Visitor: 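The following block contains the structure, expressed as structure tokens.
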There are 2 protein chains.
Amino acid sequence: MRLVIARCQVDYAGRLTAHLPMAKRLILVKSDGSVSIHADDRAYKPLNWMSPPCTLVELPAPAPQDDAVPGSEQLSALWEVRGRDGDTLQISLGEVFHDSSHELGVDPGLQKDGVEAHLQALLAEHPETFGSGWTLVRREHLTPIGPVDLLCRDAAGAYVAVEVKRRGDIDGVEQLTRYLELLRRDPLLGTVHGVFAAQQIKPQARTLALDRGISCVTVDYDVLRGMDNADERLF
Amino acid sequence: MRLVIARCQVDYAGRLTAHLPMAKRLILVKSDGSVSIHADDRAYKPLNWMSPPCTLVELPAPAPQDDAVPGSEQLSALWEVRGRDGDTLQISLGEVFHDSSHELGVDPGLQKDGVEAHLQALLAEHPETFGSGWTLVRREHLTPIGPVDLLCRDAAGAYVAVEVKRRGDIDGVEQLTRYLELLRRDPLLGTVHGVFAAQQIKPQARTLALDRGISCVTVDYDVLRGMDNADERLF
DNA sequence: ACATGTATGTCGTGG
DNA sequence: CCACGACGTACATGT
């Protein structure tokens, strides 16, 4: 990983074109080949970047011109980064304040807990959350337009498609609606109900769901995890 | 902006919980208060971060314990970053390889060109892209659930709602569908057609659109820009 | 503050 | 490789 603090001017041409006027910034070159240009704000997002795979060519600085515009800055280097899709990042470096390289090695990586996958797993283990006598048929049940998070059967044996979200938004309802439309074309399944399950469901999403005959269930992640723990203690 | 290269161990608790085992990484502290922890890969995305507003408290390193686990690392500092929503980032620093601070000043900012807004503007100036005799009624035509990108009339005078996207995805079709449903309730408008315009339209989005009677138009940004330039040259 | 729509979104995963 | 869905999505904008 190489850290450069320098005045620089940047031009990106790719999916869009973007220009950064000359200013003092951080240029971060990672060993994966990526290059990113950071200002002292915008949180972790760089002003400009190039994702790997890409190649960085470091050109010598052009010699100072006799007819240089007065006040124009002497450049110290010109970097050209070229991406896979032909997009380019041109970095003109002026004064360099810092330049260091560091060997970091391979990172052991991030361990996450509490994302949708985990919520789905907990609900798959506890379909009774939706109603007494409910059973799980399959997780990630495939349809031609994508996987239904959970396919269950209610106490009466009718199929129910469950869409699991951390945040229940209108998009999730649309998604479930599309799945239901397809599932209902399958005569083998018979009647298929819909359940929209999320930790929080926005009012508009709830309204849309109910209008379409889809049930809404807000689930408490901590309670579910508690059930999980209780189960473990029993065995 | 402060750059620290150090061995560190990180724990995040917030919308999810995440853990990073001890390893050598870059810790980036910006003057906007943000903190981000970078490995030497994952392009510009940090492994962990805290967005502003947040507060960083730097605690003194705990004194070495006599009964320390053999092989456990002596810590040099303990950082605790606390975000607005009560989420926390705990950073335990081990050996520090580099630590420098730099004044960057306020960045003049990024100038972009070629995003959806520009594409929409170009299409607004050239509604004949959709068909001979087409005219623009209004950009950003307001409906109760949001603005329609372009409201046009075709050669026959019928209204057409146009949704503009850079990348034509299924979401855009859903969005246009909702707008059309609302517009068609307005008896003053009469028949309202739909056009889905994008630089690229994914097959599934196209299928869904056509199934709903929505026309698809792929637009060439460079050609449009060329028309724009040609106009400028004429004046 | 809330809702909506964009993003050079990025990043996994599964066919 | 493509398509799809999740993401601590973040971010700007209009109400």
Side-chain angles (χ1 to χ4, degrees), chain A residues 10 12-18 34 36-37 41-52 54 81 83-89 110 112-120 140 142-149 163-167 169-172 174-176 178-179 202-205, chain B residues 12-18 34 36 41-52 54 83-89 110 112-120 140 142-149 163-167 169-172 174-176 178-179 198-200 202-207:
Chain A
V10 186
Y12 170 75
R15 280 176 277 193
L16 54 66
T17 59
S34 66
S36 44
I37 294 106
D41 58 356
R42 290 168 177 78
Y44 71 74
K45 187 136 201 232
L47 291 160
N48 245 324
W49 71 92
M50 185 69 77
S51 301
C54 61
V81 190
R84 144 191 287 166
D85 301 332
D87 36 352
T88 57
L89 198 60
L110 185 65
K112 288 185 184 182
D113 172 31
V115 289
E116 186 195 301
H118 199 193
L119 187 59
Q120 190 197 110
E140 302 285 349
L142 289 179
T143 76
I145 54 165
V148 178
D149 286 340
E163 178 66 33
V164 180
K165 287 268 182 270
R166 279 193 314 111
R167 295 177 172 185
D169 216 336
I170 212 164
D171 283 358
E174 296 285 17
Q175 197 179 334
L176 178 54
R178 289 197 298 272
Y179 293 150
K202 295 199 180 172
Q204 304 209 351
Chain B
Y12 169 76
R15 280 174 275 194
L16 57 67
T17 60
S34 65
S36 45
D41 58 356
R42 289 166 180 79
Y44 73 73
K45 186 133 203 238
L47 290 159
N48 245 324
W49 70 93
M50 187 67 78
S51 302
C54 62
R84 145 193 286 165
D85 302 332
D87 37 351
T88 58
L89 197 62
L110 185 65
K112 289 185 183 182
D113 171 31
V115 287
E116 185 195 304
H118 198 194
L119 188 59
Q120 191 198 109
E140 302 287 347
L142 290 179
T143 76
I145 55 166
V148 179
D149 287 340
E163 178 68 31
V164 180
K165 288 268 183 266
R166 281 192 314 109
R167 295 180 170 188
D169 216 337
I170 212 162
D171 283 357
E174 296 286 15
Q175 197 179 333
L176 179 54
R178 290 198 296 271
Y179 292 149
Q199 288 179 269
Q200 276 195 323
K202 295 198 180 173
Q204 303 212 352
R206 186 183 295 271
T207 305

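Atoms considered below: every heavy atom in the structure, side chains included; atoms not considered: hydrogens, waters and symmetry mates. Just so it is clear, the model here is predicted, and its values are computed rather than measured. Each chain gets a letter, A, B and so on, in the order its sequence line appears, and its residues count up from 1.
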Visitor: What are the two closest non-hydrogen atoms of B:Ser36 and B:Pro46, and how far apart are they?
Guide: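 In this case the closest contact between B:Ser36 and B:Pro46 is CB-CB, 3.8 Å.
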Visitor: B:Lys165 NZ to C:dT8 P: how many Å, rounded?
Guide: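 Going from NZ in B:Lys165 over to P in C:dT8 covers 14 Å.
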Visitor: Expressed as a whole number of angstroms, how long is the span from B:Glu140:CD to D:dA12:P?
Guide: 18 Å
Visitor: Which whole number of Å gives the distance between the P atom of C:dG5 and that of D:dG8?
Guide: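 Straight-line distance between the two P atoms is 23 Å.
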Visitor: Where do B:Glu140 and B:Gln120 land on the side chain to side chain contact (heavy atoms under 4.5 Å, CB included) test, with the steps shown first?
Guide: CA-CA 10 Å; B:Glu140 302 287 347; B:Gln120 191 198 109; 3.2 Å; yes
Visitor: If I take atom CG from residue B:Asp87 and atom CG from residue B:Leu16, how far apart are they, to the nearest 0.5 angstrom?
Guide: 10.0 Å
Visitor: Got B:Asn48 and B:Leu89 here, is their nearest side-chain heavy-atom distance under 4.5 Å?
Guide: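 When only atoms from C-beta onward are counted, B:Leu89 and B:Asn48 do touch, with a gap below 4.5 Å.
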Visitor: With a 4.5 Å limit on heavy-atom distance, are the side chains of A:Lys202 and A:Ile170 in contact?
Guide: no
Visitor: What's the CD-C1' distance between A:Glu174 and C:dG5, to the nearest Å?
Guide: 14 Å
Visitor: With no hydrogens and no angle check, is any side-chain donor or acceptor of A:Tyr44 less than 3.5 Å from a backbone partner on B:Ser51?
Guide: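 A pair under 3.5 Å: no.
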Visitor: Heavy atoms only: give me the nearest A:Pro52-B:Ala43 pair and the separation to one decimal.
Guide: CD-CB, 3.9 Å
Visitor: Given side chains that start at C-beta, do those of B:Asp149 and B:Glu116 come closer than 4.5 Å, heavy atoms only?
Guide: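 Side chain of B:Asp149 against side chain of B:Glu116, heavy atoms only: contact under 4.5 Å found.
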Visitor: Rounded off to whole Å, could you give me the CE-to-P distance for the A:Met50 and C:dT8 pair?
Guide: 14 Å
Visitor: Can you tell me the distance, in whole Å, between the CH2 atom of A:Trp49 and the P atom of D:dA10?
Guide: 15 Å
Visitor: Any idea which of D:dG5, C:dT8, D:dG8 is nearest the A:Arg178 side chain?
Guide: D:dG5
Visitor: Provide, to the nearest angstrom, the distance between the CZ atom belonging to B:Arg84 and the C1' atom belonging to D:dC11.
Guide: 13 Å
Visitor: Sticking with atom P, work out how far D:dG5 lies from C:dT8, rounded to a whole angstrom.
Guide: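 That atom pair is separated by 22 Å.
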Visitor: Mind listing the N/O atom pairs, protein and nucleotides 2-4 of chain C, below 3.5 Å?
Guide:
residue	atom	partner	partner atom	Å
C:dT4	OP1	A:Gln204	OE1	2.3

Visitor: Just how far is it from atom CG of B:Asp171 to atom CD of A:Glu174, taken to the nearest 0.5 Å?
Guide: 9.0 Å
Visitor: If I take atom CG in residue B:Asp85 and atom C1' in nucleotide D:dA10, what distance separates them, rounded to the nearest angstrom?
Guide: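 Spelled out: CG on B:Asp85 to C1' on D:dA10 is 14 Å.
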Visitor: Which nucleotide, if any, forms a Watson-Crick or G-U wobble pair with C:dA1, using both distances under 3.5 Å?
Guide: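 Paired with C:dA1, as far as the under-3.5 Å criterion goes, is D:dT15.
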Visitor: Would you tabulate the pairs of protein nitrogen or oxygen atoms and nucleotide nitrogen or oxygen atoms of nucleotides 11-15 of chain C closer than 3.5 angstrom?
Guide:
residue	atom	partner	partner atom	Å
C:dC11	OP1	B:Arg42	O	3.2

Visitor: How would you label the contact of B:Asp171 with the nucleic acid (heavy atoms, under 4.0 Å): base, sugar-phosphate, or nothing?
Guide: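 Result for B:Asp171 = nothing.
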Visitor: Rounded to whole angstroms, how far apart are CG on A:Asp113 and P on D:dG8?
Guide: 12 Å
Visitor: If the cut-off is 4.0 Å, is B:Arg167 near the phosphate of D:dA3, judged by side-chain N/O to OP1 or OP2?
Guide: no
Visitor: Could you pick out which residue, B:Leu16 or B:Ala205, lies toward the 5' side of DNA chain D when each is mapped onto its nearest nucleotide?
Guide: B:Ala205
Visitor: Could you say whether B:Arg15 or A:Glu163 is positioned toward the 5' end of DNA chain D, judged by the nucleotide with the nearest heavy atom to each?
Guide: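 Whichever sits nearer the 5' end wins; that is A:Glu163.
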Visitor: Give, for atom CZ of A:Arg42 and atom CG of B:Leu110, the distance between the pair rounded to the nearest 0.5 Å.
Guide: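 CG of B:Leu110 is found 7.0 Å from CZ of A:Arg42.
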Visitor: Consider the side chain of B:Glu116, meaning its heavy atoms from C-beta on, and name the nucleotide among D:dA6, D:dG8, C:dA7 that approaches it most closely.
Guide: C:dA7
